[in-house]
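Written below as structure tokens is the structure these notes are about.
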Amino acid sequence: IPPPNLASYSFPNGRQIPEMVLNSSWSFPKDFWLGVAGAAYQIEGAVKDDGRGPSIWDKLTRVPGYTVANQTGDIADNNYYFYKQDIARIAAMGINTYSFSISWSRIYPFGAGPINQAGIDHYNDVINTCLAYNVTPTVTLFHWDLPLFLQEKYGGWLSEDIVDDFVAYANTSFQAFGDRVKTWFTLNEPIVFCDDYPLPDQYFKNFSIPYKQQPYYCGRNAVLAHAKAYRLGKSLLGNDTLISFKNNGGYKIPLTNSSADAQAVQRAYDYNEGWFADPIFLTGTWPDSLNDYLSTFLEPFTSDEQTLIKGTADLFAHDAYTSQFYYAPDVGIEACLNDTTNSLYPGCFNTSYTYSTADGGWLIGAAADANAPWLHKATDWVPALLHYINDTWAPPLGRILVSEFGFAEPFEVYKTIVADVLTDQIRSDYYKAYMEGILIALSEGLNIMGSLAWSFVDNLEWADGYTVKFGMQRVDFDSPSLDRSYKASFFQYVDVFKQYIQQ
Ligand code: LGS
């Protein structure tokens with residue numbers, strides 16, 4: 001792939017690259033959420049305790065080779081038992097918001113049916129502990145750990161049966177915790193659990209739906225489940241409660257100035273962000289370019305469904321880690337679209353992480369990457385992406401939340417000296433540049449509600465097991481008490497905030 005020509009690149013919203021940074025005009029509003037995030041299966045452990053039922057991840061981690069070294073979340077950070085320490089430690093750093101997910105299988109061990117009171121008691125105490133420490137809890141209902149029974153009963157998200165079961169689970173959670181939890185995310189990154197994270201065929205696939213179409217059945221059911229849960233949540237909890245889903249995706253830069261690459265970028269946004277954001281924020285249905293393909297096999301949303309779906313988010317919660325280059329397939333977009341055997345169909349865009357390969361791509365977005373062009377610096381792409389979201393999906397009251405961002409420092413897992421792990425310079429630079437990117441967006445008038453750093457501790461990075469570490473705290477996995485230690489990046493994250501918080 002040739003290096004991109006960035007010389008005459010301009011942002012789609014006409015935004016110019018700031019030549020000089022006017023730090024004096026930067027500030028975080030007083031009510032900015034300085035947050036951290038985690039998710040149940042990645043941190044809790046205790047997978048067989050207190051009546052929890054199995055989730056698909058308990059089974060996936062038993063599929064030989066599915067995770068690195070067959071690592072599992074059986075113990076993880078043992079946060080199920082150590083949550084009080086974990087909350088105390090984030091509060092001590094000055095964090096004001098904690099984003100966690102509920103394990104559906106702790107509330108409904110069978111996915112549906114009998115409720116497990118121990119699960120409700122647990123999350124009640126997590127929430128109460130947050131409040132006792134002046135930390136605001138925000139809750140994600142579904143962060144990929146589907147109760148195994150629902151997968152085996154009807155194929156999980158591939159079946160429309162999931163909608164009612166999800167809404168029942170959401171209902172129970174809203175009723176149990178809604179008096180204290182004022183921000184809810186229904187689904188975490190639906191594109192990832194529908195498309196990017198294929199479940200092994202032999203275990204989970206529904207063979208009555210052609211393989212290539214399965215992500216879109218999942219997506220259809222996910223949108224409906226979200227919309228129904230949203231409507232229910234708002235009617236139960238009222239307007240002071242904010243509900244949305246967590247979308248995800250980085251800033252997309254065309255590799256060249258060709259119109260084909262510009263089209264590839266647009267198609268990528270349609271697929272990656274628009275698949276869920278267009279129906280929920282704009283139209284009640286898919287973006288046109290996606291719809292051209294989906295309408296060949298998927299029932300379109302009825303007009304009643306469109307009315308149900310449209311307008312079911314109170315903020316745009318976006319997980320954005322990086323910027324990436326996009327370009328048209330070699331054959332061109334038209335030829336790609338006409339070629340149904342093409343593995344890229346229906347996307348017809350390619351993506352590349354041109355500059356950093358040493359770490360498998362995670363480094364993209366770091367200001368510290370000496371080889372990164374200016375456009376890769378978080379101070380440039382973060383505000384550009386936030387403007388793009390604001391201009392394209394016009395969230396209510398302009399509310400945008402960076403609901404995940406973070407950095408897996410290259411080579412961290414190979415460091416043998418603990419002090420080297422704890423002085424994580426590159427991750428620190430990433431956090432600083434990212435927060436400055438948010439400050440720039442704020443100074444340009446965007447309503448960025450807060451930032452939730454992923455993650456407050458090293459944890460199970462899904463199929464990567466414990467070999468990819470996103471934590472701002474190290475966990476000593478060899479110590480019996482799984483001791484946590486702050487890394488320098490945690491201080492850096494908080495320091496930028498302290499430096500610019502309105503007095
Ligand atoms: O742990 C997950 C984090 C880590 O990085 C979390 O459960 C997810 O919600 C979220 O997807 N997470 C995440 N996303 C980063 C995507 C970065 C894209 C760059 C990939 C380069 C190979």
Side-chain angles (χ1 to χ4, degrees), residues 35-44 55-57 60-61 67-68 71 73 76-77 79 99-103 138-146 185-198 222 244-253 268 272-273 276 317-326 350-366 369 372 376 378 381-382 385 401-410 412-413 427 430-431 434 451-473 475 489:
V36 294
Y41 187 70
Q42 298 179 269
I43 62 172
E44 283 183 356
S55 83
I56 58 169
W57 275 90
L60 283 171
T61 53
T67 63
V68 172
Q71 288 166 340
D77 296 325
N79 166 274
S99 169
F100 63 93
S101 79
I102 293 179
S103 154
T138 73
V139 167
T140 300
L141 287 169
F142 179 71
H143 200 122
W144 309 351
D145 46 355
L146 187 74
F185 305 115
T186 52
L187 308 173
N188 182 66
E189 303 186 347
I191 193 175
V192 180
F193 69 80
C194 284
D195 198 9
D196 294 355
Y197 235 119
S244 187
F245 70 107
K246 285 170 71 197
N247 212 0
N248 64 291
Y251 185 65
K252 300 171 189 26
I253 311 160
N272 203 93
E273 281 81 0
F276 297 96
H318 200 63
D319 299 355
Y321 285 71
T322 67
S323 63
Q324 297 136 283
F325 293 102
Y326 282 79
N350 287 341
T351 178
S352 80
Y353 302 90
T354 345
Y355 282 89
S356 299
T357 47
D359 62 327
W362 293 108
L363 190 56
I364 304 282
D369 182 353
H376 265 169
W381 72 260
V382 170
L385 176 62
L401 174 71
V402 178
S403 42
E404 269 185 45
F405 70 116
F407 190 79
E409 189 164 296
E412 175 166 331
V413 286
R427 185 185 285 105
Y430 170 91
Y431 275 113
Y434 203 111
S451 57
L452 307 178
W454 184 280
S455 177
F456 68 103
V457 272
D458 290 338
N459 56 51
L460 178 92
E461 184 47 39
W462 306 108
D464 287 323
Y466 299 93
T467 64
V468 170
K469 295 182 189 297
F470 275 91
M472 297 190 300
Q473 292 183 79
V475 176
S489 54

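Order of listing sets the numbers, starting from 1, for every ligand and every atom in it.
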Next on the checklist: So which atom in Phe276 and which in Ile191 form the shortest heavy-atom distance, rounded to 0.1 Å?
Outcome noted: CE1-N, 3.5 Å
Checklist entry - Taking all atoms of both residues into account, what is the closest heavy-atom pair of Leu141 and Thr186, and its distance? => result CB-O, 3.4 Å
Are [X] and [Y] packed together at the side-chain level, in the sense that at least one heavy-atom pair is separated by less than 4.5 angstrom?
X: Tyr431; Y: Phe405; result: yes
X: Val402; Y: Tyr434; result: yes
X: Phe456; Y: Ile43; result: yes

Of all the atoms in ligand 1, which lie at a distance below 4.0 Å from a heavy atom belonging to [X]?
X: Asn188; result: 9 (O)
X: Trp144; result: 8 (C), 11 (O)
X: His143; result: 6 (C), 7 (O), 8 (C), 9 (O)

Next on the checklist: Using heavy-atom distances only, which candidate in Phe407, Tyr321, Trp462 approaches atom 15 (C) of ligand 1 most closely?
Outcome noted: Tyr321
For ligand 1 and [X], I'd like to know whether there is a polar contact (N/O to N/O, distance under 3.5 Å).
X: Gln42; value: yes
X: Lys246; value: no
X: Glu461; value: yes

Item to check | Straight-line distance of Tyr41 OH to His143 NE2, nearest 0.5 Å | outcome: 13.0 Å
